Amino acid sequence: MLERVAKAVQGRHGFDSFWYGNYKDEGDPRSGWHTYPALPRFGSHYRRLLGRLDVLLETYSYIDFPRRCAVMRAWLLELFRDAARSAATWWWAPPPRRRRRSSPAAGPGGRGLAAGAQWRRPG
């Protein structure tokens, strides 16, 4: 999907793009390529666990603001066009079952916590 979209962005809008990441050993292409690690601090991994699609789009800060906006707009347009045209090829996972909670501070089963109480995970 990203290959198709990158080609469309380049062909229709004239913006070249490349994969986010770095060489495993800085400056050594033979060491392999890696992107950001699958750690819980990155929201894109969490959204995938929820059955959502996430695309990280970044531009260089040395590019002027109007051009950065144009690049983002081009990517979003082409992502939406690809989704409309190729929806059957996009893999969609059903969202996981969610517990009903009465509030963000509710404990297991939706039972609320008394003010000042702390919920602890069993075990």
Side-chain angles (χ1 to χ4, degrees):
M1 178 264 300
L2 288 178
E3 290 88 0
R4 288 190 310 262
V5 174
K7 285 179 184 178
V9 167
Q10 203 285 323
R12 285 194 181 106
H13 307 275
F15 298 123
D16 290 322
S17 302
F18 57 91
W19 300 109
Y20 183 87
N22 294 298
Y23 298 124
K24 289 182 181 178
D25 295 327
E26 190 174 334
D28 182 8
R30 294 171 296 167
S31 65
W33 186 263
H34 71 111
T35 185
Y36 54 92
L39 298 173
R41 71 175 189 254
F42 295 108
S44 58
H45 298 299
Y46 178 69
R47 285 183 289 280
R48 186 66 213 134
L49 290 172
L50 295 176
R52 308 298 195 278
L53 179 67
D54 188 280
V55 177
L56 173 64
L57 300 174
E58 293 187 352
T59 60
Y60 285 110
S61 60
Y62 63 79
I63 300 171
D64 64 56
F65 185 71
R67 188 165 174 87
R68 285 185 292 192
C69 292
V71 169
M72 289 295 161
R73 181 181 183 278
W75 265 90
L76 291 171
L77 280 172
E78 298 308 329
L79 281 165
F80 293 140
R81 285 179 178 150
D82 192 78
R85 186 174 40 253
S86 309
T89 64
W90 285 38
W91 183 75
W92 298 99
R97 290 182 54 200
R98 296 184 184 188
R99 289 186 187 156
R100 291 178 191 231
R101 294 190 174 182
S102 57
S103 75
R111 294 185 300 268
L113 299 174
Q118 292 183 349
W119 178 70
R120 292 193 184 125
R121 188 176 302 277

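Throughout, numbering of the chain's residues begins at 1 and tracks the sequence. Computed from a predicted structure; not experimentally measured.
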Quiz item: Within a strict 4.5 Å, meaning less than it, do heavy atoms of the Val71 and Ile63 side chains meet?
Solution: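 No - every pair of side-chain heavy atoms lies 4.5 Å or more apart.
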Self-check item: Beyond-backbone contact of Leu57 with Leu76, side-chain heavy atoms, under 4.5 angstrom
Solution: yes
Exercise. Would you mind listing every ring-ring contact (aromatic ring centres under 6.0 Å, His included) that reaches into residues 57-81, with sequence neighbours excluded?
Key: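 Found Tyr60-Tyr62.
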Quiz prompt | Partners meeting side chain to side chain contact (heavy atoms under 4.5 Å, CB included) with Asp25 (sequence neighbours left out) | solution = Asp28, Ser31
Quiz item: Under the side chain to side chain contact (heavy atoms under 4.5 Å, CB included) test, which residues partner Arg73, sequence neighbours left out?
Solution: Leu77
Quiz item: What pairs of residues pass the salt bridge (Lys or Arg N to Asp or Glu O under 4.0 Å) test when at least one of them lies in residues 58-72, not counting sequence neighbours?
Solution: none
Quiz item: What closest approach, in Å, do Val55 and Leu2 show between heavy atoms, and which atom pair accounts for it?
Solution: CG1-CD2, 4.2 Å
Quiz prompt | For Arg81, salt bridge (charged side-chain N to carboxylate O under 4.0 Å, His left out) partners two or more places apart | solution =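 Arg81 satisfies salt bridge (charged side-chain N to carboxylate O under 4.0 Å, His left out) with Glu78 once adjacent residues are dropped.
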Exercise. Working to the nearest 0.5 Å, report the span between CZ of Phe15 and CD of Gln10.
Key: 10.5 Å
